[in-house]
Amino acid sequence: MNDNAATGEKINQQARAWYVRLGSEQAGADDWHDFTVWLEADPKHIDAYDRVELALLDISPQETKSGVLNNPVGKPEENPSDKIIVLQEKRRLLKPIPRSYLAGIAATFIAALALLFSANIFQSPANIQHYATNIGEYENIVLSDGTRINLNTNTKLSVQMGKKIRAVTLYSGEAYFDIAQDTKRGFIVNVKDTIITDIGTAFSVNFYESTLSVSVAHGIVDMQSPVQKVRLTKGQKAVRLSGAKTMTIASVEIDNISTWRDGVLVFENAPLSSIVPELNRYFKTSIVLMDEQTAALTFSGVLNISDQDKMINSIEALLPVRVMDDGRQILLSGKQ
Amino acid sequence: MLDSPRDSLTAHYLKQRAALLRFLVARMRNRDIAEDVMQDLYIKLTKANLPEQIDNPSGFLFRMAANLALDHIRKNERVRLRDRAWSDLNREKLGNEYLADAPHADDALIAKQRLAALKARLQSLSPKSREAFERHKFRGQSYKQVAQDMNISVGTVGKHLGKAIKHIMEANLENTHDI
């Protein structure tokens, strides 16, 4: 190593050390003053620090408010917050279920109940643990068998570890499951009247506004709805729209499953009318689309969901929209 | 009566104004831009949603200033990338309609690739360093929280983070000269 390289590495090392020192919640005015002096000492110091910052630019932490999940909450509330989705009128998907299906639904429902009952019979209800996140929160839980569950924003679920079966009920929201293998105990996820059975795998379940979507990252899962049974393999996604009796299956890019776990959402050629309701799940201040043209604009890219200001900045930079923040909502309208 | 966090931060902003500006001038290498960022910082102070309690208002202010500075730097980086994409397209004489769209896809692709590369790189890091890094960077835990959850000292947390950053940057040196 020649002298230049040695000096360069020494500076890089200092830059990393500064990054770590300033990343501490304890860093105060004195630390920042010392850092300023170091930056002023040599332009190479700034270059080196830029490189550290830019190398780590693509990740940013999710806002989490600690404490919520340290104690599993009691019974989940009946109504999830009604503040999140402001574009509900755009999703009028409810259809009445024809009477002829009711018999089939009843039969499968009884089968489902029997399955749950067989699990319940060895467990007292006290063994059910409830978990919930608020808007903008994210949590990671590890079950006693090593299964990992990531809860996305505004999610409610319960977990029951039985002797014969491990059962999760997702009441609302979104979760990513990385299931630990256990040949003696199956793993099921109940979402309303659909049962998802895992066969050693990782998958994500999304249940917002009664629309269920399941994406498989590894392995195989079976899904049983009152009238249909489907098997999904890696890279497949099943969607059951609110009120619909059947599921549709599509392929999904594995890298794009549950990117929220890294604090970003990835969109490819998606219209704002479908992006905005999704973004609004993460923040208390809603984005509202002001006109049809704006709603129809399509976006491809990565949006940061850990910081709403940054997210809005990206949208503003990448699309021909005007942003107005009236303090209660963020209004997006077309540029003249 | 206790001050609200906003009042307390504003008071600190006024007290620390010179130090903040000096930091920003050094960080941005340019006094005009630094003054713009100071202005942004003030606006952000009056408008942003703030935590209910801020234990370290000075540190919080400098952190806000550093983040705004980084936003500027990253915006320039994006403009630079877009200019390059723009001129590439012009060279290839593609239709006008592609000019506005292609750079977005570029941004998306680059960010996605970089995140994927970073995650892949973390796999070869020691498990403790990786856990500390993931807790702090991906989940936003404070050093103290990481230390408590991992049952290690705050100093050790710092060491793990330093190792993780070095590990990631070595990977960057190997393959991102072009970005």
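Residue numbers start from 1 in every chain, and the chains themselves are labelled A, B, ... in the order their sequence lines are given, proteins ahead of strands.
The number of heavy-atom neighbours closer than 6.0 Å to CZ of A/R148, taken from other residues, nucleotides and ligands shown, is 12 or below.
The pair B/R27-A/E53 meets the salt-bridge criterion, with a side-chain N (NZ, NE, NH1 or NH2) lying under 4.0 Å from an Asp/Glu carboxylate O. The pair B/R139-B/D149 does not count as a salt bridge, with every side-chain nitrogen at least 4.0 angstrom from each carboxylate oxygen.
The most heavy-atom pairs under 4.5 Å with chain B, out of A/N269, A/D50, A/D309, come from A/D50. If you tally non-hydrogen atom pairs under 4.5 Å between each of A/T285, A/T36, A/D31, A/T298 and chain B, the highest count goes to A/T36. Counting heavy-atom pairs closer than 4.5 Å to chain A, the top residue among B/D71, B/N56, B/L61, B/L24 is B/N56. Per-residue counts of heavy-atom pairs under 4.5 Å with chain A were compared for B/I165, B/V25, B/D55, B/N67; the largest is that of B/I165. Note: B/A26 leads B/P57, B/A66, B/A26 in heavy-atom pairs under 4.5 Å with chain A. Across B/R22, B/K144, B/K159, the residue that shares the most heavy-atom pairs under 4.5 angstrom with chain A is B/R22.
Within residues 150-158 of chain B, the residues having any heavy atom closer than 4.5 Å to a heavy atom of chain A are B/G158, listed by residue number.
At a 4.5 Å heavy-atom cutoff, the contact between B/K44 and chain A is made by side-chain atoms alone. Residue A/L303: no heavy atom, backbone or side chain, is found under 4.5 Å from chain B. Residue A/N150: no heavy atom, backbone or side chain, is found under 4.5 Å from chain B. Residue B/R63 touches chain A through both its backbone and its side chain, counting heavy-atom pairs closer than 4.5 Å. Using a 4.5 Å cut-off between heavy atoms, B/L70 touches chain A through its side chain atoms alone.
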Using a 3.5 Å cut-off and no angle test, enumerate the donor-acceptor pairs between side-chain atoms of residues 13-20 of chain A and protein atoms at least two apart in sequence or in another chain.
| residue | atom | partner | partner atom | Å |
| --- | --- | --- | --- | --- |
| A/Q14 | OE1 | A/W38 | NE1 | 3.0 |
| A/R16 | NH2 | A/E9 | OE2 | 3.2 |
| A/Y19 | OH | B/K137 | NZ | 2.7 |

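Contacts of B/S126 classified as side-chain contact (heavy atoms from CB on, under 4.5 Å), with partners at least two apart in sequence or in another chain: B/S129. Applying the side-chain contact (heavy atoms from CB on, under 4.5 Å) criterion to A/D325, with sequence neighbours excluded, gives A/I330.
A donor-acceptor pair under 3.5 Å is absent between the side-chain atoms of A/S215 and the main chain of A/S204, judged by distance alone.
Between the side chains of A/E137 and A/T153, no donor-acceptor pair of N or O atoms lies under 3.5 Å.
Residue A/W260 forms a ring pair (Phe, Tyr, Trp, His ring centres under 6.0 Å) with just one option from A/Y176, A/Y138, A/Y282, and that option is A/Y138.
The shortest side-chain heavy-atom distance between A/I287 and A/Q329 does not fall under the 4.5 Å cut-off. Looking at heavy atoms from C-beta onward, B/M169 lies in side-chain contact with A/V52 at the 4.5 angstrom threshold.
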